Amino acid sequence: MSPVSQNPSVRRRLTATTATVGALLAAAGLSAAPAFSTTESSEAAAGSGPVITRAGLDPKLVEGRGATVPFVEQEAENAFTTGEKIGPSREAYTLPAEASGRTAVRLTSPGQYVEFTLSRPANALTLRYSIPDTADGKGMRAPLDVTVNGKHKQTMTLTSEYAWLYGMYPFSNDPMVDPNPGWWKPEPDPVTKPFRPNHFYDEQRLMLGKTYQAGDKVRFQLPASTPAAWYVLDVADFELVAQPLKQPKKSLSIRLFGADPTGRRDAAPAIDRTIAVAKKLGWSVFIPPGTYQVNRHIIVDKVTVRGAGNWWSIIKGRVLPLAQPAPDKSVHSAPGFYGKYAADGGSTKVHLSDFAIESDVRERIDTDQVNGIGGAIGGGSTIQNLYLHHTKVGIWLDGPMDGLLIRDNVITDAIADGMNLHLGVSNVRATNNFIRNSGDDGLAMWSEANPAGLVNHHNVYDHNTVQTPVLANNIAIYGGRDNAVTDNLVADPIREGSTLHAGSRFNSTPFEGTLTFARNTTVRGGPRDLNWDLGLGAIWLYALQSNMSGKIEIRDSSLLDSTYNAFLFVVDWPVKDDYAITNVAVSNIEVDGTGTNVVNARVGGWATFENVDARNVGAPFVNNCGTFHFTGTPEFDVRLLGDSNDGGWTADAGAPGHCEDRPPVVPPPAPSPWN
């Protein structure tokens, strides 16, 4: 979804943006300003064992939350390195802020390296990194040497072609793009160009050629010659990839119909032919190991398409201009598997699994249908164990549609959302998915208003991990009825969004029934909204276009290391006297660290709080400014039930009537076990 409403009457000018942007551009070799700030050069203790994390934290702190994935995460800053650690920082438009855990390692000289120690057998890895862009924004390619135990050298070719966006929403790959004149911005004119570089990171997979054991050392080292002035390594995921799946019985291989596994020839017609024959026979379609060139949609309905595993069966293609706009308003084509659009009846009994889509989307064009999975897919369908990379959106489904299971997928480096359920979508469960580095909401449910009165309802996002969305929220719900967000791990939002969000926005239908947020863990949420110059909450409720009066339950969750608030309830200034947030029940919450308040209310309405324990809070627990009146009795009623809320809820300075416009941030200590 696009950033929050821009209204100058509730914005304050930011003071450090130009300096921050200038410093970052210097790191990319695009200006003469000093390089981005770093800590001192540091080196991990020799012989130390591997440090395994989840969302940059000790896995024990997030146990039971998020996706169970086949890889282990190791942060570069915890490995042995001869480079410099950068960060921690949470300032948008900086490399540390977009890094997992807000810290990474910079390498600048030939021979510098980061070395990881395997904690368990692995034969493959995924490296998340950043290298500079070029002055024209088209990106560069740069080598990086990889060795295991000092030998078995391979060379990865890293690229910035899919990173580095500029300007304002919907962003551009052109460093010299002018800011969108229709949007208010806090920076004074004339702005420094390139303006607001962001989306710095990309990731790449690598097969190691054999299985290595726990204790073996994987080193990423700068070669003697490279066009890149610097490399920033963020995180490495190590995985033991199984052998390719065998072709199932009663299935047709796409190679039988002429699909080229080398990727040199267009395989789309062969895949279409395979699907057509398989449907007549009642058989499935098999994608054997290989890389298959596809540059357009493959339409699927009442068919099973299975690969040999998402490391082995790869659909790879380019974004190509169309001779004229398509009926769906696309001006480009790109690889994707699409159900029929709802207007054409939609698709049912579709089963997609065990392959990858490597697309080529480098710029956000909202009218383009260049998503990995799209259309309307329901009726008992499944989308499982896919790897979706460099798409506009990983999975974008337009209803009405009903009945779909989305599980065990990895969606990374999308230009826009990771996943979005849009317009009358019902009875969809998305579980055990891993989403990282989306250019907009990681997971969204968008119940957009429509003449037919369709509403998103009875959908569930559970046990997903969503990390480092560059814009907007980790998980966002826009209207709808009786939806649920449970058991997720969400971390490190950057700007104009937070870890968990519910908003009456984007022409959404009202919230009805019960929206449930339960058993979630948020990590380093509640960032500063750059346009409002206001700290958000790890959980952020926003009444922009209507009252939010449907019941919202927030319970049994852990909110860890929030940059500003744990909870923000807010209305926009032009409608501050029109819309309220009511009927919110918060219970059984552990808040471990806030830069400012536990509750920040800037709206009329009420919420109850029961058994909400908080510690390491940087400002009075309750900051209640109501509908921006700042004096007198606030219009938001903070209802503390009994004496079950521990910490500092009833202190005079934090009583429900306390109001402070923008309290200073007191960074909390790192989260630790509660007991």
Side-chain angles (χ1 to χ4, degrees), residues 1-2 169-171 266-276 279 285 293-303 305 315-350 352 357 359-379 381 383 388 390-404 414-417 419-426 428 439-440 444-456 478 506-509:
M1 306 303 297
S2 54
Y169 172 83
F171 315 111
D266 183 7
I271 297 174
D272 287 342
R273 291 193 294 269
T274 312
I275 289 173
K279 289 177 66 174
V285 172
Q293 182 191 146
V294 174
N295 306 308
R296 59 168 171 83
H297 297 173
I298 302 295
I299 305 302
V300 287
D301 181 32
K302 297 179 178 63
V303 68
V305 180
I315 302 296
K316 186 173 183 177
R318 294 174 294 161
V319 172
L320 299 176
L322 297 174
Q324 58 185 21
D328 61 18
K329 301 182 181 179
S330 293
V331 295
H332 294 89
S333 66
F337 281 72
Y338 271 60
K340 295 187 296 184
Y341 289 131
D344 299 321
S347 291
T348 60
K349 298 180 181 178
V350 172
L352 307 174
I357 298 177
S359 193
D360 184 41
V361 180
R362 308 181 189 198
E363 190 163 15
R364 178 168 175 167
I365 301 174
D366 280 348
T367 55
D368 268 354
Q369 283 283 350
V370 289
N371 308 314
I373 308 296
I377 301 175
S381 297
I383 300 169
L388 305 176
H390 292 152
T391 60
K392 187 182 83 170
V393 177
I395 300 174
W396 179 292
L397 300 173
D398 289 298
M401 48 164 282
D402 177 86
L404 171 66
I415 287 289
D417 299 350
M419 184 187 307
N420 196 313
L421 306 180
H422 172 236
L423 195 66
V425 176
S426 57
V428 173
D440 213 310
M445 296 183 199
W446 182 18
S447 183
E448 187 176 18
N450 57 92
L454 302 170
V455 174
N456 278 18
Y478 304 107
F506 308 114
N507 194 33
S508 66
T509 64

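Hydrogens, waters and symmetry mates are skipped; everything else that's a heavy atom, side chains included, is used. Nothing here was measured: the structure is a model prediction, and the numbers come from that model.
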> Looking at side-chain heavy atoms only, is the closest gap between L352 and I373 below 4.5 Å?
Replying inline: yes
> What's the spacing between L404 CG and T348 OG1 if we round to 0.5 Å?
Replying inline: 11.5 Å
>> Once rounded to the nearest 0.5 Å, what's the spacing between atom CE of M445 and atom CG of N456?
In response: 7.5 Å
>> If I take atom NZ from residue K316 and atom CG from residue D360, how far apart are they, to the nearest 0.5 angstrom?
In response: 9.0 Å
> How far apart are the closest heavy atoms of T391 and S359, and which atoms are they?
Replying inline: CG2-CB, 3.9 Å
>> Is it the case that the side chains of D402 and S426 hold a donor-acceptor pair, with the cut-off being a distance below 3.5 Å and no angle test?
In response: yes
> Do you know which two heavy atoms are closest between Y341 and G375, and how far apart they sit?
Replying inline: CD2-CA, 3.8 Å
>> Can you tell me how far apart CE (M401) and OG (S347) are? Round to the nearest 0.5 Å.
In response: 10.0 Å
> Can you check whether H332's main-chain N or O pairs, donor with acceptor, with D368's side chain at less than 3.5 Å?
Replying inline: yes
> Does the side chain of W446 come within less than 4.5 Å of L421's, by heavy atoms?
Replying inline: no
> Should D301 and K340 count as an ion pair when the cut-off is N to O under 4.0 Å?
Replying inline: yes
>> Could you check whether S447 and T509, counting side-chain N and O atoms only, form a donor-acceptor pair closer than 3.5 Å?
In response: yes
> So which heavy atom on K279 is nearest to which on K302, and how close?
Replying inline: CG-O, 3.9 Å
>> Please evaluate residues R296 and D266 with respect to the criterion salt bridge (charged side-chain N to carboxylate O under 4.0 Å, His left out), reporting the C-alpha separation (whole Å), side-chain torsions for both, the decisive distance (0.1 Å), and the verdict.
In response: CA-CA 10 Å; R296 59 168 171 83; D266 183 7; 5.4 Å; no
>> Taking the side chain as everything from C-beta on, heavy atoms only, tell me whether I275 gets closer than 4.5 Å to V300.
In response: yes
> With a 4.0 Å cut-off, would you call D440 and K392 a salt bridge?
Replying inline: no
> Shortest non-hydrogen contact from R364 to P170?
Replying inline: CB-O, 3.4 Å
> Checking T274 side chain against A270 main chain: does a donor-acceptor pair fall under 3.5 Å?
Replying inline: yes
>> To the nearest 0.5 Å, what is the distance between CG on L388 and CD1 on I315?
In response: 11.5 Å
> Would you say I298 and I271 make side-chain contact, with heavy atoms under 4.5 Å?
Replying inline: yes
>> As an exercise, state the distance from CG of L320 to OG of S333, rounded to the nearest 0.5 Å.
In response: 4.5 Å
>> Using side-chain heavy atoms (C-beta onward) and a distance below 4.5 Å, is D398 in contact with Q369?
In response: yes
> Shortest non-hydrogen contact from V294 to P335?
Replying inline: O-CB, 3.1 Å
>> Under a 3.5 Å cutoff, is there a donor and acceptor pairing between the side chains of E448 and N450?
In response: no
> Are L322 and S330 close enough that some pair of their side-chain heavy atoms sits under 4.5 Å apart?
Replying inline: yes
>> Tell me whether the rings of Y338 and H297 are parallel (<30°), tilted (30 to 60°) or perpendicular (>60°).
In response: parallel
> Does N371 use its side chain to pair, donor to acceptor, with the backbone of G394 at less than 3.5 Å?
Replying inline: no
